[in-house]
Amino acid sequence: MLTITDLHVGIGNLKIIQGISLEVRRGEIVSLMGANGVGKTTFMRALSGLGHITGGTVEFEGQDITHATSQEIVEAGLIQVPEGRQLFSLMSVKENLEIGAHTKRAKARMKENLEYVYTLFPELKEMNSQAAGNLSGGQQQMVAVGRGLMADPKLLILDQPSIGLSPIMTQKVLKAVIDIHIRGVSVLIAEQNIHDVLKIAHRAYVLEQGLIRASGTAQEMAENAEIKAMYLGH
């Protein structure tokens, strides 16, 4: 579904991603693991047309989107929920959600997708007229994920969805990821909460200093002694 081959991404003269190859197959949840500052967000942004790709290719559903615009990528069904939520704080919950449905394909399914978001996060239906800026961090994260779903994704990219959340809210968000996957949406998730994300992922990649250092099934990663020592506190 998503095939990344020898991808290089820079910021100015600084080389951040130095030759990543990675794939997400249809029907998978794939985890991208790594400490702060290793390039996860830079990599994720590049997939959405928001980074300076200097080499390699990105293919989505057989189409080369390496240098496609962000709008073209969204139209294709590759949707990202960015780190930090990036909501419109003065706009209502419902208005923030509806902004996600700005493509022709998403507009056609707006009512159905909005109902699904409210089923997934019932709290949001009760708060749909409240300003997003008045919500808690966890509630704002629900809105951010919901906005991504309103874009009618085929593949949903989640960049650090649990950052700043309580353990209870983290579990709620990860449970939602499972539900989204069951609904037929593939997921690529960058997450520091490795212990929990490996419980829901099918496969995982470890990113270090702009390179993939290890990859395998989630079970293999969870049982790998080096991975456990570095990321799982064992």
Side-chain angles (χ1 to χ4, degrees), residues 1-7 9 17 20-34 39-51 53 56-83 85-86 97 99-110 112-113 116-117 120 141-162 173-191 197-198 200-205 207 212 215 217-218:
M1 186 176 203
L2 177 69
T3 304
I4 296 137
T5 306
D6 194 28
L7 192 70
V9 184
I17 301 300
I20 284 181
S21 294
L22 174 155
E23 69 173 338
V24 179
R25 302 162 192 154
R26 192 177 305 279
E28 281 191 319
I29 299 174
V30 174
S31 170
L32 181 64
M33 302 159 51
K40 297 191 300 296
T41 293
T42 298
F43 171 69
M44 295 296 207
R45 284 175 55 81
L47 299 186
S48 295
L50 300 172
I53 295 176
T57 58
V58 180
E59 290 186 5
F60 182 60
E61 295 206 304
Q63 301 296 313
D64 188 335
I65 62 166
T66 310
H67 299 294
T69 66
S70 296
Q71 182 64 26
E72 290 169 338
I73 291 168
V74 169
E75 290 276 5
L78 194 158
I79 309 299
Q80 181 163 177
V81 178
E83 180 183 0
R85 299 150 199 158
Q86 299 182 20
L97 292 173
I99 283 174
H102 65 275
T103 67
K104 183 178 180 180
R105 184 168 60 86
K107 285 178 180 177
R109 290 169 53 87
M110 180 185 287
E112 177 185 345
N113 286 333
Y116 173 62
V117 171
L120 191 63
Q141 187 63 57
M142 291 181 202
V143 177
V145 173
R147 181 183 57 190
L149 293 173
M150 290 296 291
D152 202 37
K154 298 176 182 177
L155 171 60
L156 188 66
I157 296 176
L158 299 167
D159 188 6
Q160 311 278 21
S162 77
V173 169
L174 292 179
K175 184 179 179 182
V177 172
I178 296 173
D179 194 292
I180 291 164
H181 166 257
I182 291 172
R183 194 169 186 248
V185 178
S186 302
V187 178
L188 174 61
I189 178 170
E191 180 57 72
V197 82
L198 285 179
I200 68 170
H202 297 93
R203 294 185 301 110
Y205 293 83
L207 181 64
I212 297 296
S215 64
T217 67

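Bear in mind that the values here come from a model prediction, so they are computed numbers and not experimental data. Values below: all heavy atoms of this structure, side chains included; hydrogens, waters and symmetry mates excluded.
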message: For a quick test of reading the model, state the closest non-hydrogen atom pair linking Thr57 to Thr66 and the distance between them.
response: CA-OG1, 3.3 Å
field: Shortest non-hydrogen contact from Ser186 toward Val24
entry: CB-CG1, 4.4 Å
query: Could you state the interatomic distance from CG (Leu158) to CG (Leu32), rounded to the nearest 0.5 Å?
result: 12.0 Å
message: So, taking the atom named CD1 in Ile212 and the one named CZ in Phe43, what distance separates them when rounded to the nearest 0.5 Å?
response: 6.5 Å
message: Show the nearest heavy-atom pair for residues Ala218 and Leu198, with the distance to one decimal.
response: CB-O, 3.4 Å
message: When you compare the side chain of Ile17 with that of Ile20, does any pair of heavy atoms fall below 4.5 Å?
response: yes
- request: Indicate the atoms forming the closest heavy-atom contact of Tyr205 with Ser21, along with that distance.
  value: CE2-O, 4.0 Å
Where Arg183 and Glu112 come nearest, the two heavy atoms and their spacing: NH2-OE2, 3.9 Å
query: Between His181 (side chain) and Ile29 (backbone), is there a donor-acceptor pair under 3.5 Å?
result: no
- line: All heavy atoms of Leu155 vs all of Leu188, minimum pair found to be CD1-N, 3.9 Å
field: Rounded distance (nearest 0.5 Å) linking atom CG of Asn113 with atom CZ of Arg147
entry: 15.0 Å
- request: Measure the spacing between OG of Ser162 and CD1 of Ile189 and express it to the nearest 0.5 Å.
  value: 7.5 Å
Spacing of CG belonging to Leu78 relative to CZ belonging to Phe60, to within rounding of 0.5 Å: 4.5 Å
field: Test item: Ser70 side-chain N/O and Ser48 main-chain N/O as donor-acceptor pair under 3.5 Å
entry: yes
- line: In this structure, CG of Leu7 is separated from CG of Leu22 (nearest 0.5 Å) by 9.5 Å
- prompt: Between Gln71 and Glu75, does a side-chain hydrogen bond (donor to acceptor under 3.5 Å, both in side chains) hold up when you go through it step by step?
  reply: CA-CA 6 Å; Gln71 182 64 26; Glu75 290 276 5; 3.2 Å; yes
message: If the threshold is 4.0 Å, N to carboxylate O, is there a salt bridge linking Glu28 and Arg26?
response: no
query: Can you list the steps and then say if Val74 with His102 is a side chain to side chain contact (heavy atoms under 4.5 Å, CB included)?
result: CA-CA 9 Å; Val74 169; His102 65 275; 4.0 Å; yes
- prompt: Sub-3.5 Å donor-acceptor pair from the side chain of Glu72 to the main-chain atoms of Ile65, do we have one?
  reply: no
Side chains of Val187 and Ile157 in contact at under 4.5 Å (non-hydrogen atoms): no
message: Looking at Arg203, I want to see if its CZ is surrounded by more than 12 non-hydrogen atoms of other residues, nucleotides or ligands under 6.0 Å.
response: yes
message: Working note: Thr103 + Asp152, criterion side chain to side chain contact (heavy atoms under 4.5 Å, CB included); need CA distance, chi angles, decisive distance, verdict.
response: CA-CA 9 Å; Thr103 67; Asp152 202 37; over 6 Å; no
query: Under 3.5 Å, is there a donor-acceptor pair linking the side chains of Thr3 and Glu59?
result: no
query: Quick one: do Glu191 and Lys40 make a salt bridge, cutoff under 4.0 Å?
result: no
- prompt: So do Leu47 and Leu2 actually touch side chain to side chain, heavy atoms under 4.5 Å?
  reply: yes
query: So, do Glu23 and Ile4 sit near enough that their side-chain heavy atoms are less than 4.5 Å apart?
result: no
- prompt: Hey, is CD on Glu61 packed in by over 12 heavy atoms from elsewhere, all under 6.0 Å?
  reply: yes
field: Thr41 and Asp159 side chains, donor-acceptor separation under 3.5 Å
entry: yes
